[in-house]
Amino acid sequence: MVNSFGLVLRACWFALAIGALIALLLGRFSLAFVSVATLLLSLFPLLLAQQLSVRLPVSFLIFTTVFVFATIFLGEAFDFYNKVWWWDLALHGSAAIGFGLLGFLFVFMLFEGDRFAAPPSALALITFCVAMTIGACWEIFEFAMDQIFGLNMQKSGLDDTMGDLIVNGLGALFAALIGYLYVRFSAAGVFGRFFEQFIQLNKSSYRKAIKRLKR
């Protein structure tokens with residue numbers, strides 16, 4: 001199953017590269033730019049993980065690739081932001097949850113996965129802050145793209161930005177709650193399985209958690 005997911009991931013990257021090349025040959029430079037930007041941003045988590053010596057689950061890489069594809073490629077190149085009213089809100093909410101959970105895992109890593117040394121409320125607060133920070137950085141990115149390349153990622157300006165940040169806050173709050181439940185009660189549903197998959201892939205950084213999982 002993992003190998004199948006890996007093939008799907010590589011197929012997505014290959015399709016984006018071919019799309020950019022075809023767009024250049026046809027003289028559709030804006031589409032070529034969007035394709036290249038989507039490809040580079042989808043590769044960024046993998047490159048960052050390599051620099052930090054962290055292994056990411058294939059499911060997370062697929063999530064980030066699909067997210068970036070839906071945000072930049074479908075959203076901008078095919079105008080999904082205007083065609084589908086909930087498109088922008090759904091993307092910001094899911095991004096806040098995804099990156100909030102990843103932020104929780106990295107903070108939890110500092111305690112080697114020790115539930116007793118990591119205060120659940122503090123981890124929840126940090127998870128919330130990580131998700132909100134990424135959401136704010138994305139709004140800055142949208143503003144920069146609009147100003148530099150003449151895109152329309154912010155749509156209605158301030159109203160769009162504030163709406164995105166509110167939805168991002170709700171997603172961040174949900175991610176913080178999931179992190180709290182995992183540390184406090186060892187229960188987080190499907191998200192708990194994702195946590196344990198990430199911990200298994202990075203055993204050396206979660207020594208105390210690995211001992212617990214083996215029991």
Side-chain angles (χ1 to χ4, degrees), residues 4-24 28-49 56-103 130-146 148-157 159-175 178 190-191 194 198:
S4 298
F5 283 144
L7 289 175
V8 171
L9 197 60
R10 291 182 177 85
C12 291
W13 292 334
F14 181 75
L16 287 170
I18 294 298
L21 179 60
I22 293 175
L24 283 174
R28 299 184 62 182
F29 299 111
S30 60
L31 180 58
F33 168 76
V34 169
S35 299
V36 172
T38 303
L39 176 61
L40 293 178
L41 286 174
S42 64
L43 289 170
F44 179 75
L46 182 60
L47 298 176
L48 181 61
L56 295 175
V58 177
S59 57
F60 179 79
L61 293 174
I62 290 178
F63 168 79
T64 54
T65 300
V66 170
F67 171 76
V68 173
F69 183 83
T71 300
I72 300 180
F73 195 77
L74 294 181
E76 294 300 326
F78 292 93
D79 201 28
F80 270 45
Y81 287 123
N82 290 321
K83 293 178 180 178
V84 183
W85 69 267
W86 47 264
W87 194 257
D88 193 35
L89 297 178
L91 291 176
H92 277 276
S94 60
I97 294 172
F99 289 110
L101 295 178
L102 191 64
V130 167
M132 286 301 297
T133 298
I134 294 176
C137 289
W138 183 262
E139 291 303 315
I140 294 173
F141 171 77
E142 286 188 348
F143 176 78
M145 292 296 100
D146 290 352
I148 298 173
F149 299 104
L151 301 178
N152 188 29
M153 296 185 73
Q154 288 188 299
K155 303 303 178 284
S156 57
D159 290 341
D160 177 80
T161 299
M162 291 310 301
D164 290 345
L165 289 176
I166 291 171
V167 172
N168 189 81
L170 294 174
L173 187 61
F174 179 78
I178 293 298
V190 65
F191 297 103
F194 169 75
F198 185 93

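Please read these numbers as outputs of a predicted model, since none were measured by experiment.
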*Asks:* Can you give me every donor-acceptor pair (side chain of residues 36-46, partner residue at least two apart or in another chain, under 3.5 Å) with its distance?
*Replies:*
{"residue": "T38", "atom": "OG1", "partner": "V34", "partner atom": "O", "Å": "2.7"}
{"residue": "S42", "atom": "OG", "partner": "W13", "partner atom": "NE1", "Å": "3.3"}
{"residue": "S42", "atom": "OG", "partner": "T38", "partner atom": "O", "Å": "3.1"}
{"residue": "S42", "atom": "OG", "partner": "L39", "partner atom": "O", "Å": "2.7"}

*Asks:* Identify each donor-acceptor pair in which a side-chain atom of residues 62-70 lies under 3.5 Å from a protein atom, sequence neighbours left out, and give them as a table.
*Replies:*
{"residue": "T64", "atom": "OG1", "partner": "F60", "partner atom": "O", "Å": "3.3"}
{"residue": "T64", "atom": "OG1", "partner": "L61", "partner atom": "O", "Å": "2.8"}
{"residue": "T65", "atom": "OG1", "partner": "L61", "partner atom": "O", "Å": "2.9"}

*Asks:* What residues form a side chain to side chain donor-acceptor pair (under 3.5 Å) with W138, not counting sequence neighbours?
*Replies:* E142

*Asks:* Does the side chain of W87 reach to within under 4.5 Å of the side chain of L91, using non-hydrogen atoms?
*Replies:* yes

*Asks:* List for me each residue that meets ring pair (Phe, Tyr, Trp, His ring centres under 6.0 Å) alongside F174, sequence neighbours excluded, and say none if there are none.
*Replies:* F191

*Asks:* Under the side chain to side chain donor-acceptor pair (under 3.5 Å) rule, collect the residues that match up with D79, sequence neighbours excluded.
*Replies:* N82

*Asks:* State, to 0.1 Å, how close A175 and A96 come at their nearest heavy-atom pair, and which atoms those are.
*Replies:* CB-O, 4.2 Å

*Asks:* Go through the structure and list residues passing side chain to side chain contact (heavy atoms under 4.5 Å, CB included) with W85, not counting sequence neighbours.
*Replies:* L89

*Asks:* Using the test side chain to side chain contact (heavy atoms under 4.5 Å, CB included), find all partners of I166 that sit at least two apart in sequence or belong to another chain.
*Replies:* none

*Asks:* Do V130 and L102 touch side chain to side chain, with heavy atoms closer than 4.5 Å?
*Replies:* no

*Asks:* Taking atom CZ of F141 as the centre, report whether more than 12 heavy atoms of other residues, nucleotides or ligands fall under 6.0 Å from it.
*Replies:* yes

*Asks:* What's the shortest heavy-atom distance between A32 and A20, and which atoms?
*Replies:* CB-O, 3.8 Å

*Asks:* Just verifying a value: how many Å separate I97 CD1 and N168 CG, rounded to the nearest 0.5 Å?
*Replies:* 10.0 Å

*Asks:* Please identify each residue that fulfils side chain to side chain donor-acceptor pair (under 3.5 Å) with D88, with sequence neighbours left out.
*Replies:* H92

*Asks:* Among all residues two or more places apart in sequence or in another chain, which pass the ring pair (Phe, Tyr, Trp, His ring centres under 6.0 Å) test with F143?
*Replies:* none

